[in-house]
Amino acid sequence: MPENTTSVITLARFLLGEERRHSHATGAFTNILHDIALAAKMISREVNMAGLVDILGQAGSHNVHGELVQKLDVFANDVLYRALDHTGHIAVLASEESEDPIPIPDKFPVGDYVVLYDPLDGSSNIDVNVSIGTIFSIHRKITHGERGTLEDCLQPGSRQLAAGYVLYGSSTMLVYTTGTGVHGFTLDPSIGEFLLSHPHMTIPDPPTKVYSINEAYYNRWSPAQQRLVQYLKGEGGFGSRYIGSLVADIHRTLLRGGLFMYPGDRLNPLGKLRLLYEGAPMAMIVEQAGGKASDGVRPLLEVQPTSLHQRIPMFLGSAPFVELAERFLAES
Ligand code: P6P
């Protein structure tokens, strides 16, 4: 065997290995991750074709947040629903694109798991070919009825069984954690398989001194937030990188280290990003990779959701940098 060859491990093979390590595993969990991966392959195909077919442009309708919906958004939302609705593992679904929880149709069996997803985050970047992503979060049902309810969706991030994202970039990557580390898989479109490419992803130490924030909102920030960014770009000696697509910005932060911030401001005190579909899953991933995730005051994973689409300020990345941000923000 040639030196330094790496084994070819498909996502399916890896999931089976993980399942074997948990004696109580029923395989339902493995199947859900497999179903999400199938949807990801279909979305990847459309995203990569987007520039070639008339799928770009606004679908005309608006989502629950008043944002224009792009046709790929609609496609991604539909594909994820159809990959999960009939499997018999799901009690209830929730999508960032849907106002209310999505029940499993009566004609299908239900199960014990809750899947929340942002089907295509960063979709405003589709037309300019900037990386976009799918984000997912998996909980166990906590109510006693057969079918899941809103209460099953409103669980704190600390109770997530799994979280992950798919990054549709120069390559399509699926990154997920089930609480025992973070693992990355790269899609080989020629064979339609996600292959293990980034086992046990951990944020580098020492981290790269990069901060990531949209500075166009500087004048709306609190004085403490302004002082923090002034320090980072001045005395702190940080560089700046901001893609404006959460999955891409977080993926870079995982691989290089740094500090991603989307703070609240005087117009939007809780910021723009959603706790259930963006904050909680990304917080689980970053913390499982050895980083830290905060809302500026407390751990993101401890925030108890009160509504399906509530927003949350986000400070994620290398632990020393998140702690630095918290210290600055603690000063009035
Ligand atoms: P802003 C993309 O629209 C998104 O939802 C996230 O992917 C991204 O992190 C954020 O919004 C960018 O927002 O206000 O900087 O354009």
Side-chain angles (χ1 to χ4, degrees), residues 40 43 47 50 56-59 61-74 76-77 94-98 116-137 163-169 172-173 175 210-222 225-226 229 240-256 258-283 285-286 291 293-296 300 308-317 322 325:
I43 296 167
V47 167
L56 284 178
Q58 316 293 353
S61 61
H62 290 71
N63 69 15
V64 293
H65 311 292
E67 295 159 345
L68 275 177
V69 175
Q70 302 247 2
K71 292 176 184 172
L72 266 179
D73 264 355
V74 177
N77 198 39
S95 166
E96 191 260 343
E97 294 289 340
S98 304
L116 305 98
Y117 49 86
D118 185 352
L120 208 55
D121 180 83
S123 54
S124 54
N125 293 302
I126 293 171
D127 291 12
V128 293
N129 213 7
V130 166
S131 300
I132 51 182
T134 296
I135 309 169
F136 61 90
S137 167
Y165 60 77
V166 183
L167 177 61
Y168 310 103
T172 293
M173 273 197 72
V175 174
V210 165
Y211 72 93
S212 183
I213 191 170
N214 186 337
E215 296 197 52
Y217 305 135
Y218 180 88
N219 292 328
R220 300 182 345 199
W221 294 340
S222 68
Q225 181 69 45
Q226 291 175 338
V229 173
S240 170
R241 288 285 183 281
Y242 190 71
I243 300 168
S245 185
L246 180 68
V247 176
D249 278 317
I250 295 295
H251 189 66
R252 181 200 60 249
T253 304
L254 268 184
L255 292 178
R256 300 273 173 80
L259 174 62
F260 173 83
M261 297 177 276
Y262 204 110
D265 60 41
R266 59 183 160 78
L267 297 184
N268 303 297
L270 293 177
K272 169 183 183 181
L273 302 176
R274 288 83 174 186
L275 171 59
L276 290 174
Y277 305 102
E278 292 158 322
M282 288 310 195
I285 293 164
V286 167
S294 166
D295 67 357
L300 255 170
L308 210 48
H309 296 281
Q310 74 186 71
R311 298 173 193 261
I312 192 83
M314 288 174 59
F315 297 79
L316 283 75
V322 175

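For this chain, numbers begin at 1 and follow the sequence in order. FYI, side chains are in, hydrogens and waters are out, and symmetry mates aren't considered; it's all heavy atoms of this structure. Order of listing sets the numbers, starting from 1, for every ligand and every atom in it.
Formation of a donor-acceptor pair under 3.5 Å by the D121 side chain with backbone atoms of G133 is not found in this model. Formation of a donor-acceptor pair under 3.5 Å by the T253 side chain with backbone atoms of D249 is found in this model. Under a 3.5 Å cut-off, the side chain of D118 and the backbone N or O of E278 do not form any donor-acceptor pair. Under the 3.5 Å distance criterion, the side-chain polar atoms of H309 are matched with a main-chain donor or acceptor of S98.
For D249, no nitrogen or oxygen atom sits less than 3.5 Å from a nitrogen or oxygen atom of ligand 1, counting backbone and side chain alike. For ligand 1, none of its N or O atoms has an N or O atom of R274 under 3.5 Å away. Ligand 1 has an N or O atom lying under 3.5 Å from an N or O atom of L246, backbone or side chain.
The contact set between ligand 1 and Y217, taken as ligand atoms under 4.0 Å from a residue heavy atom, comprises 1 (P), 14 (O). Close approach of ligand 1 to G244 (heavy-atom distance below 4.0 Å) involves ligand atoms 2 (C), 8 (C), 12 (C). Close approach to D121 involves these atoms of ligand 1, each under 4.0 Å from a residue heavy atom: 5 (O), 6 (C), 7 (O). With ligand atoms numbered from 1 in the order given, ligand 1 contributes 3 (O) to contacts under 4.0 Å with heavy atoms of S124. Within ligand 1, counting atoms from 1 as listed, the ones closer than 4.0 Å to a heavy atom of Y262 are 1 (P), 13 (O), 14 (O), 15 (O). Contact atoms of ligand 1 toward G122: 2 (C), 7 (O) (distance under 4.0 Å to a heavy atom of the residue). Those atoms of ligand 1 that come under 4.0 Å of a heavy atom in Y242, given as number and element, are 1 (P), 12 (C), 13 (O), 15 (O). In summary, the atoms of ligand 1 found under 4.0 Å from a heavy atom of S245, numbered by their order in the structure, are 7 (O).
Using a 4.0 Å cut-off between heavy atoms, N214 contacts ligand 1 through its side chain alone, with no backbone atom that close.
Annotation: side chain of I213 is in contact with side chain of W221 (closest heavy-atom distance under 4.5 Å). Counting heavy atoms from C-beta on, the side chains of R256 and R241 never come closer than 4.5 Å.
A side chain to side chain contact (heavy atoms under 4.5 Å, CB included) with I132 is found for exactly one of D73, V47, V247, namely V47.
Note on ring orientation: taking the six-membered ring where Trp is involved, the planes of F260 and Y242 are parallel (angle under 30°, cut-offs 30° and 60°).
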